[in-house]
There are 2 protein chains.
Amino acid sequence: MEISARKKRILAAVVENYIRSAEPVGSKTIAETAGLGCSSATIRNELSELTALGYLEQPHTSAGRVPSPQGYRFYVNELMERQKLSLEEAEAINARLNEKMEQLDRLMADAGKLAGQLTGYPALALSAPRAATVKRFDLLYVDANTFIIVALLSNSTVQNKLVHLPFSVDQGMIQKLSALFNAGFTGLTDEEITPVLISATERAARDTMGLTSIIAAFTIEALSRSREGEAYVTGESSLLQQPEFRDPDKAHRVISYLSDSGHLMSLPSAGSDSGVRVIIGPENLAEELRDSSVVMASYDAGEGQRGLIGVVGPLRMDYAAVAAKLQYIAEGLSRLLGSGEAPAGFGKMILKGDVTSDE
Amino acid sequence: MEISARKKRILAAVVENYIRSAEPVGSKTIAETAGLGCSSATIRNELSELTALGYLEQPHTSAGRVPSPQGYRFYVNELMERQKLSLEEAEAINARLNEKMEQLDRLMADAGKLAGQLTGYPALALSAPRAATVKRFDLLYVDANTFIIVALLSNSTVQNKLVHLPFSVDQGMIQKLSALFNAGFTGLTDEEITPVLISATERAARDTMGLTSIIAAFTIEALSRSREGEAYVTGESSLLQQPEFRDPDKAHRVISYLSDSGHLMSLPSAGSDSGVRVIIGPENLAEELRDSSVVMASYDAGEGQRGLIGVVGPLRMDYAAVAAKLQYIAEGLSRLLGSGEAPAGFGKMILKGDVTSDE
DNA sequence: TGTTGGCACTCTCTCTTTACGAGTGCTAAA
DNA sequence: TTTAGCACTCGTAAAGAGAGAGTGCCAACA
């Protein structure tokens, strides 16, 4: 069934009013604010039909209307105007992004924080999980009982570990091990580093002191950590300021769900086609998020990696503003970090609309 | 004024009952449960005096008594029995600690998580801030445009950074820089690395194409990060389950205060290391924590470092149980990480690592 | 056919009143 | 010094009344 232009305007008015006021919207309000040149009675008829179509809901017989999840979805897909950031906002974001450039290893989490502060919702930052391999090992001899393992991974991160030993090793042993690992363990994912391989290497090295397994264990851990991706959540408590989360139990359910990073990693799996993704209430796979909406934007983190920033809030979220802000931040991050290469291995993720990626 | 033994027993009964029930404790309840062989009227007289002395409070004329902060303090200092963990609890903690040994760099945060899960309160984990210096630099040549900076710090962490250059360097240059930094920058705190020193080094190296300042900037950042210490907070939302934090605004104030790690670093300054510390409500310096209590235990993190784990909860916290658990965890951590007294006879290796990843 | 004003109806929210109960403080007796 | 008894206080839960907002429907109108 096709929806008339006026119905669309009325639906948009309901959504936008409700987003602002958090209270059911009545026909009178719409007649006054939407500027449709018709009376509240007419609006009532339209509202009634929109309700029958499933776009609106009535909390009780004699209250105003509230958008249903389907109503929000329609709004997001077809009615929502692409919001432009104000100059101040854009500049504030740029300033924050530039100032963070110094601390690249924390950038991911900081990007989440920025998103949270700008939108006032709890924010999440995810790095796409991705199988990595070691490109190169270095073992640094420190003293007779100490050495450092340094591993350069295929995703261009460097992991290291300081190892203290209860016995002595000499430089020769360290060099031998280094050569051995560079020869035998580079290019392998964590799953390919099997106990069989380790013990074979151990025999080849004539290593009786267990050094091989120490290094192998470190390698496996470093790789699997990178494969699992990382997740940061910040500003969880700002959820408490939303009227729909004044119930501490409800808030607790959502927040504690968010706090378990394991859960979060499954969020983006639901599909990732365009720049900004909106998941509305019951569309969430996770039971705990059925009363919440999630808005996410992905960015190019360089080295063929993609990152994700997003916020979580009530259904009554200001989708237009949040989407605009997230997209702007994501674009900024892509510009700063991005390699310009096509994203590999993380599905096709093309930023929607006018991407100004001059790289 | 000296407090009679019976008053002490009554006070303890009030505190313990209130901790359990979260509701004001009446004279009748005490007469029935405390086993003092006297009637509720007698208890009433005593309660009245305890109230006059400031150990108890009355929410309103005709409710039971609630411990005042001073009452909690007296309870913690003199009445609280040192609780012993059950065998299951102790074993659960030990198991968790051992399983974490593999991932030492995350151990600090994990220890906090453990404390939180065991006690049901939000938990924090702090590393004591401490000025560090670089003990040793290594620059690893990767390819003509890429090298890795590895710095071993005096606090036995290792920091690294992968550097991509828009121009080529050769191995000789890398080696020269490495020698230069090992000669000129080891043993300095971040504050001692002045722009004057950097530019002097740059001149001395002749034609380093800005590499000197890149490495110097990395060094400063690594050192200042270590000097600021680190703070992790987990399980904030469990505060919402406490009856005294059902008010979302109150909970939000506390949680958002906790979420700012800058605030947390000032927490331990008020006191020193020995054993378990309890800070009760108004004793907190921070306004935001005046309605909360903090229990902290410090542990020996090895290398002369101390770490801190703690929990935050309502005044009505089960101090005895929480203190016992924290102490047990802290002792376990000290045993695992502690440098000085660790019995090396078991051939147990002490692995300590720090992982940073830069792009 | 679509739009409008009018009107009765419904339902929630808030305020007030009432009743209840838990616990105290006091007094007098043991 | 302890105890039993009793009046009193105060918060809370339940019940009732009134107001207000918004709907749904109907008849009239362009």
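What you see is a predicted model, and the numbers here were worked out from it, not measured in a lab. Below, chains carry the letters A, B, ... as their sequence lines are ordered, and counting in each starts from 1.
- Taking atom CG of B:Leu50 as the reference point, atom C1' of C:dT24 lies 15 Å away to the nearest angstrom.
- Candidate nucleotides C:dG25, C:dT24, D:dT23 were compared by shortest atom distance to the side chain of B:Ser48, and C:dG25 ranks first.
- For A:Tyr121, the side-chain hydrogen bond (donor to acceptor under 3.5 Å, both in side chains) test picks out no residue, with sequence neighbours left out.
- Separating the CD1 atom of B:Ile30 from the P atom of D:dT2 is a distance of 15 Å, rounded to the nearest angstrom.
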For residues 278-288 of chain A, run the donor-acceptor check on the side chains, cut-off 3.5 Å, and write out each pair with its distance to 0.1 Å, sequence neighbours left out.
from	atom 1	to	atom 2	distance (Å)
A:Glu283	OE1	A:Arg73	NH2	2.6
A:Glu283	OE1	A:Ile280	N	3.0
A:Glu283	OE2	A:Arg73	NE	2.9
A:Glu283	OE2	A:Arg73	NH2	3.4
A:Asn284	ND2	A:Gly281	O	3.1
A:Asn284	ND2	A:Leu289	O	3.1
A:Asn284	ND2	A:Ser292	O	3.0
A:Glu287	OE1	A:Arg290	NH1	3.2

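- Taking B:Ser237 as the reference, nothing meets the side-chain hydrogen bond (donor to acceptor under 3.5 Å, both in side chains) condition, with sequence neighbours excluded.
- Rounded to a whole Å, the NZ atom of B:Lys7 is 14 Å from the C1' atom of D:dT2.
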Listed pairs under 3.5 Å, donor-acceptor, residues 56-67 of chain A side chains, sequence neighbours left out:
from	atom 1	to	atom 2	distance (Å)
A:Gln58	NE2	A:Thr61	O	3.1
A:Arg65	NE	A:Thr51	OG1	2.8
A:Arg65	NH2	A:Thr51	OG1	3.4

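- By the side-chain hydrogen bond (donor to acceptor under 3.5 Å, both in side chains) test, B:Tyr328 is found to be paired with B:Asn94, residues two or more places apart in sequence or in another chain being considered.
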Protein N or O to nucleotides 1-4 of chain C N or O, pairs below 3.5 Å:
from	atom 1	to	atom 2	distance (Å)
C:dT3	OP1	A:Arg6	NH1	2.7
C:dT3	OP1	A:Arg6	NH2	3.4
C:dT3	OP2	A:Arg6	NH2	2.8
C:dT4	OP2	A:Ser39	N	3.0
C:dT4	OP2	A:Thr42	OG1	2.3

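- D:dT23 atom P lies 14 Å from atom CD of A:Glu49, rounded to whole Å.
- Under the rule for a side-chain hydrogen bond (donor to acceptor under 3.5 Å, both in side chains), A:Tyr257 has no partner lying at least two apart in sequence or in another chain.
- When the C1' atom of D:dC25 is taken as reference, atom CG of A:Leu47 falls 15 Å away, rounded to whole Å.
- Considering CG of A:Leu240 and NZ of A:Lys250, their distance stands at 12.0 Å, rounded to 0.5 Å.
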Between N or O atoms, less than 3.5 Å apart, protein on one side and nucleotides 19-23 of chain C on the other: list the pairs.
from	atom 1	to	atom 2	distance (Å)
C:dA22	N3	B:Ser62	OG	3.2
C:dG23	O3'	B:Ala63	O	3.4
C:dG23	N3	B:Ser62	OG	3.0

Quick one: side chains of residues 23-33 of chain A, donor-acceptor pairs under 3.5 Å with protein atoms, not counting sequence neighbours, listed by atom name and distance.
from	atom 1	to	atom 2	distance (Å)
A:Ser27	OG	A:Arg44	NH1	3.4
A:Thr33	OG1	A:Thr29	O	3.0

